[in-house]
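Here is the structure we will look at, set down as structure tokens.
Each chain gets a letter, A, B and so on, in the order its sequence line appears, and its residues count up from 1. Just so it is clear, the values below take in all heavy atoms, side chains as well, and ignore hydrogens, waters and symmetry mates.
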Amino acid sequence: MSIGYACLTIGVQNTNLRSCTAKNVDKEKLLDLISHNLNSLENIIDYNIKNNIKLFRISSDLIPFGSSPINSLPWEEEFSSKLSEIGEKIKTSGMRISMHPGQYTVLNSPNIDVVNRAIDDLNYHTKILDALGVGSEHKIVLHIGGVYNAKEEAISRFITNYDKLNDSIKMRLVIENDDKSYNINDVLEIGTKLGIPVIFDNLHNEINCYDKEKNDVYWINKCKRTWKEKDGNQKMHYSQQNLLKKLGSHSNTIRFDQFMEFYERLGREDIDIMLEVKDKNLSAVKCINATTKDNKIKRLEDEWSKYKYTILENSPNNYLEIRKLLKNKNDYPVASFYNFIEISMEAEITVGNAINALLHVWGYFKNISEDKEKKSFYKSIEDYKQGKISISAIKNKLWKMTVKYNQLYLLNSYYFFL
DNA sequence: CACCGTCAAGTCGCA
DNA sequence: TGCGACTTGACGGTG
């Protein structure tokens, strides 16, 4: 089983993707943006390798206007060596990647222009995976599209248009149930008819349910039959409802207990799980640590080094509790550890606790910073106490100093980004 | 440097 | 027929 995350990272340096507006596009700018974004992608892949994350979705924003005539650059040739270099890292590390055109790529539209743009977009995604040199187990995930008051016709349009696609797209295309129009039963029927693997998305199924009597595991095992040898392991999407937002919104983090309940009910290892969640790689690491057979406390200690200042800021009591929890070096208290983290993150941050955490982090700079940095920091604390500036303004300053003074321990901390 | 409107896509519900 | 909501992170302009 591989567990992974989609598109972006938290707390990993130099991994942001840049873009621009359509009216500002020119060749020079595009080259610059693509070059930047490929560097970011490489940094993400390096991070994944280092953290043993074997599943990752590449953002469709990798190449700005990649499927639009606005971008007529032969970018796959211009950057071919960089792309294949990244592809080599992916392949030799055994990572599995994917891409996922958004809800706006609609292959079954009655509007031929929309369909043609959808095909262009699928070609674009294929071009990236081809340029990376990865095989047919690296998938492109697509939704079926709109209904247009006539589902049967809409489905047959999907089937007709799918047939028009060229083989390099077909060998990677898989389809997924959505939260509005096509439930898992619909998608399974289409997938079976066309011989396309089906991705089960648990939250979409919860919201757009075909049969309330059937549980997740029923559908997951049914989907398994659509995955052939050349497709690699079955894949699925897993997410949890954000309890404070409206139906379908992804949670900030994957709640440990709920995930484990799912994992144990699933009872299978021959499936890859793509998490869709706000805290991205953080939840991926969490779920990997939750399910690994290599349950050494070192994993939790590494995590703790990244979370600790955030926890100190949120809940000094839990900070002490977690330290106690990690004392026994032969133990692997993964459930308690992440439960403490999750509970702490929900706590209300007080001014006093926030300043306490700031001062702990400041400890790294107390003796090495310049006078004006010291003055600026203490002034910021006073301004924050009086409500003149926000905590994030001070954190940004400390982050800049972290980079400037190359404080390795802090460079890996989530404190600046959570 | 913080803030916020805008962008970009296609569908669908509602006037 | 037309328009706003939906979604997302980043741009781009303002103060």
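A/Tyr124 has its OH atom 16 Å from the P atom of B/dA8, to the nearest Å. Atom P of nucleotide B/dG10 and atom CZ of A/Arg157 are separated by 15 Å, given to the nearest angstrom. Protein atom CG of A/Asp179 is 12 Å distant from nucleotide atom P of B/dC12, rounded to whole Å.
Within the 4.0 Å cut-off from OP1 or OP2 of C/dG12, at least one side-chain nitrogen or oxygen of A/Thr21 is found. Contact check, A/Lys180 against B/dG13: no side-chain N or O comes under 4.0 Å of OP1 or OP2. Look at A/Arg117 and you'll find a side-chain N or O under 4.0 angstrom from OP1 or OP2 of B/dG10. Phosphate proximity of B/dC7 to A/Asn24: absent, as no side-chain N or O sits under 4.0 Å from OP1 or OP2. Between B/dT11 and A/Ser109, a contact under 4.0 Å exists linking OP1 or OP2 to a side-chain N or O. Of the side-chain N and O atoms in A/Lys278, one or more sit less than 4.0 angstrom from OP1 or OP2 of C/dG9.
In this structure, A/Lys308 is not positioned above the aromatic face of A/Tyr319 in the sense of NZ or CZ being under 6.0 Å from the six-membered ring centre and within 45° of the axis. A cation-pi geometry, defined here as NZ or CZ lying under 6.0 Å from the six-membered ring centre and within 45° of its normal, does not hold between A/Lys286 and A/Phe256. A cation-pi arrangement is absent between A/Lys82 and A/Phe79 under the rule of less than 6.0 angstrom and at most 45 degrees off the ring axis. Remark: A/Lys379 fails to qualify as a cation-pi partner of A/Tyr384 under the 6.0 Å distance and 45° angle criteria applied to the six-membered ring.
Sequence order on DNA chain B of the closest nucleotides to A/Asn149 and A/Val106 puts A/Val106 first from the 5' end. In this structure, A/Asn108 and A/Ala22 both approach DNA chain B, and ranking their closest nucleotides by distance from the 5' end singles out A/Ala22.
Residue A/Asn396 has its side chain nearest to B/dA2 when only B/dG10, C/dG9, B/dA2 are considered. The A/Tyr148 side chain lies nearest to B/dC12 when the options are B/dA8, C/dG12, B/dC12. Side-chain proximity of A/Lys29 to B/dA8, C/dG12, B/dC12: nearest is C/dG12. Of the candidate nucleotides B/dA2, B/dA8, C/dC6, C/dC6 has the atom lying nearest to any side-chain atom of A/Lys246.
Aromatic ring centres of A/Trp399 and A/Phe417: separated by under 6.0 Å.
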